[in-house]
There are 2 protein chains.
Amino acid sequence: MAQQTTDHVEPIHKRTLHGEVLPRLRDMIIEGVLEAGTRINETELGARLGVSRTPLREAIKTLAGEGLIELVTSKGAVVRRFTRTDVANMLETIKLFEMSAARAACTNATDAEIKALVKVHKTMVQEYRKRDRLSYYKLNQEIHSELVRLGGNPVIADLHGLIQARLKRIRYLGNQEPTKWAGAVAEHEEMIKALTERDGNALAEVMGRHMDQTLLRVKDTL
Amino acid sequence: MAQQTTDHVEPIHKRTLHGEVLPRLRDMIIEGVLEAGTRINETELGARLGVSRTPLREAIKTLAGEGLIELVTSKGAVVRRFTRTDVANMLETIKLFEMSAARAACTNATDAEIKALVKVHKTMVQEYRKRDRLSYYKLNQEIHSELVRLGGNPVIADLHGLIQARLKRIRYLGNQEPTKWAGAVAEHEEMIKALTERDGNALAEVMGRHMDQTLLRVKDTL
DNA sequence: ATAGAAAGTACTGCATACAGTATAAACTGT
DNA sequence: ACAGTTTATACTGTATGCAGTACTTTCTAT
């Protein structure tokens, strides 16, 4: 076979076990399958996931680096538990990112990118009308992530994603009351308007307000 | 069974091998002992550090989570290499953190905390006069970290620390020219002034300018 | 010589084995 | 019955062994 001798790009996916386990484990934490404070039993969880302890442990170490898991000596890995203050600080951080990205996006984003975002927004509103919380929630996350991405600083986008992941579970529980949910949708409408008009200051203002509201919406859930 | 007897906090240090290796490895990368792009040989490095492959691998996975190392399938761990753009984005992110923290610190910090920071600053200036780059550099980092901490949001402080770690090596090389170095010190003087006066806007402005200058100072080093 | 194939080397990825430690259970004396 | 002590169990932390894969070197044919 004519094997590409030199600088051929990796066939993208070679898959390692810890590489496979990592996202699954992350999801299990985010989705609450592994509740906060849970001590992870390596042998048991390994069996459940169909891998030996080694790759599982390695995935755990990575998640520890990401801040989702805490490592206690001789006791093992514990799913990190966040206090109300932690959550408030995280949302404050997200707010900082999104406000910064908002301004940048208004000058950096292409028309096509904005258009795509508007489309996602419209789909989200439809899901809201259908009262499909899960779909709504996912699209909501997507919009926020995408907007930060349009800000053009991948470092910020990464960190934003990191913190957003930590909050996923908690945030999902925030829009349970109909009035709150409606409020969130209204804020999104404003956001989209400001974005299409490329009004950076306005967008930043709405995003900030949106995040403050999110904090309030989430607060009594804790 | 009320086995809640174990409310006592862990005796702080139990030390595990990977726990010991982690900071050493991080330092090796930051200090350039392991250059960017280096493929890490597990057996060799393990021998050098006096541990077997397992704890070393685990430390590597943690650093991967922190973003200092990249994991390439079947090739192992590679010390992450940052492009000029990456560096610019990281500094931009640091700027965002520090400007935000600057304002917050001016309202949140206690007099004692500010006083302590001023003291560190004075020591730093002394080191500058002695032209002791390493001492200066460390104190500089400390001042920036501490200021962000005074902002009162630990999440931001953590992320700031994370990115600062990635930049440590590069940034160290930035103040080599005397004029650049002098400029940095002057900016610090301004910062301290604004902080003691608790003038949040002024402090944020200087910090922003300081970071922009830092970018310029570092740029041609790459 | 030089391109291509083949064998050899070296290192990662994973599993398993074992030791040390923390927690739970059983036992003892009062 | 109960506090204190001892024994047992379970699980983490680490080392080691093996398999698979990428890389290097050697060999072969033109």
Side-chain angles (χ1 to χ4, degrees), chain A residues 1-25 29 34-35 37-65 68-80, chain B residues 1-25 29 34-35 37-65 68-80:
Chain A
M1 256 315 30
Q3 49 180 123
Q4 335 287 72
T5 45
T6 38
D7 49 282
H8 82 275
V9 184
E10 280 292 314
I12 306 184
H13 276 320
K14 250 340 172 15
R15 61 185 290 176
T16 65
L17 285 188
H18 66 257
E20 303 274 319
V21 167
L22 179 58
R24 290 209 38 200
L25 194 53
I29 293 172
L34 296 174
E35 278 175 57
T38 307
R39 268 180 60 181
I40 293 176
N41 182 328
E42 295 174 358
T43 34
E44 190 231 333
L45 184 55
R48 189 133 63 106
L49 295 174
V51 298
S52 100
R53 285 179 56 213
T54 312
L56 173 59
R57 291 190 109 238
E58 298 183 340
I60 288 174
K61 294 298 180 295
T62 305
L63 288 180
L68 272 174
I69 279 181
E70 243 164 341
L71 265 28
V72 188
T73 311
S74 323
K75 284 191 185 168
V78 180
V79 179
R80 197 160 152 199
Chain B
M1 43 199 121
Q3 37 103 245
Q4 208 55 305
T5 51
T6 32
D7 253 79
H8 84 276
V9 185
E10 280 292 313
I12 306 187
H13 275 319
K14 252 333 168 26
R15 61 182 290 177
T16 65
L17 286 187
H18 66 257
E20 302 274 319
V21 166
L22 178 58
R24 291 211 36 202
L25 193 53
I29 293 172
L34 297 174
E35 277 175 58
T38 307
R39 267 181 61 181
I40 294 176
N41 182 326
E42 295 173 358
T43 34
E44 191 231 333
L45 184 56
R48 188 134 63 107
L49 295 174
V51 298
S52 101
R53 285 176 55 210
T54 311
L56 173 59
R57 293 189 107 236
E58 297 185 340
I60 288 173
K61 295 298 179 295
T62 304
L63 287 180
L68 270 174
I69 279 182
E70 243 164 342
L71 264 28
V72 187
T73 311
S74 322
K75 283 191 185 168
V78 180
V79 179
R80 194 158 154 200

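Letters go in sequence order (proteins before strands), and every chain restarts at 1. Please read all numbers here as calculations on a predicted model, not as lab measurements.
Rounding to the nearest 0.5 Å gives a distance of 13.0 Å between NZ of A:Lys61 and CD1 of B:Ile60. Considering CG of A:Leu25 and CG of A:Leu68, their distance stands at 9.0 Å, rounded to 0.5 Å. To the nearest 0.5 angstrom, B:Arg48 atom CZ is 9.5 Å from B:Arg24 atom CZ. With rounding to the nearest 0.5 angstrom, the CD1 atom of A:Ile29 is 4.0 Å from the CD1 atom of A:Ile69.
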What pairs of donor and acceptor atoms, side-chain ones from residues 49-57 of chain B against any protein atom, are under 3.5 angstrom apart with sequence neighbours left out?
{"residue": "B:Ser52", "atom": "OG", "partner": "B:Thr54", "partner atom": "N", "Å": "3.3"}
{"residue": "B:Arg53", "atom": "NE", "partner": "B:Glu42", "partner atom": "OE1", "Å": "3.0"}
{"residue": "B:Arg53", "atom": "NH2", "partner": "B:Glu42", "partner atom": "OE1", "Å": "3.0"}
{"residue": "B:Arg57", "atom": "NE", "partner": "B:Glu42", "partner atom": "OE1", "Å": "3.1"}
{"residue": "B:Arg57", "atom": "NE", "partner": "B:Glu42", "partner atom": "OE2", "Å": "3.1"}
{"residue": "B:Arg57", "atom": "NH1", "partner": "A:Glu58", "partner atom": "OE1", "Å": "3.3"}
{"residue": "B:Arg57", "atom": "NH1", "partner": "A:Glu58", "partner atom": "OE2", "Å": "2.4"}

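One can place CG of A:Leu17 at 14 Å from P of D:dG20, the figure rounded to the nearest angstrom. Rounded to whole angstrom, the span from the CZ atom of A:Arg39 across to the P atom of D:dT12 amounts to 7 Å. Separating the CG atom of B:Leu71 from the P atom of C:dC11 is a distance of 18 Å, rounded to the nearest angstrom. The interatomic distance linking A:Asn41 (CG) with D:dA10 (P) rounds to 11 Å, in whole Å. For the pair A:Arg15 CZ and D:dG20 C1', the interatomic distance rounds to 15 Å; values are reported in whole Å. Atom CD of A:Glu42 and atom P of D:dT14 are 11 Å apart (whole Å).
Regarding contacts with the backbone of D:dG13, every side-chain N or O of A:Lys75 stays at 4.0 angstrom or more from both OP1 and OP2. For A:His18 and C:dC14, the shortest distance from a side-chain N or O to OP1 or OP2 is below 4.0 Å.
Looking at residues 46-64 of chain A, you'll see A:Arg53, A:Arg57 sit with a heavy atom under 4.0 Å from some atom of DNA chain D.
When all heavy atoms are compared, the tightest approach of B:Val78 to B:Gly37 is CG1-O, 3.5 Å.
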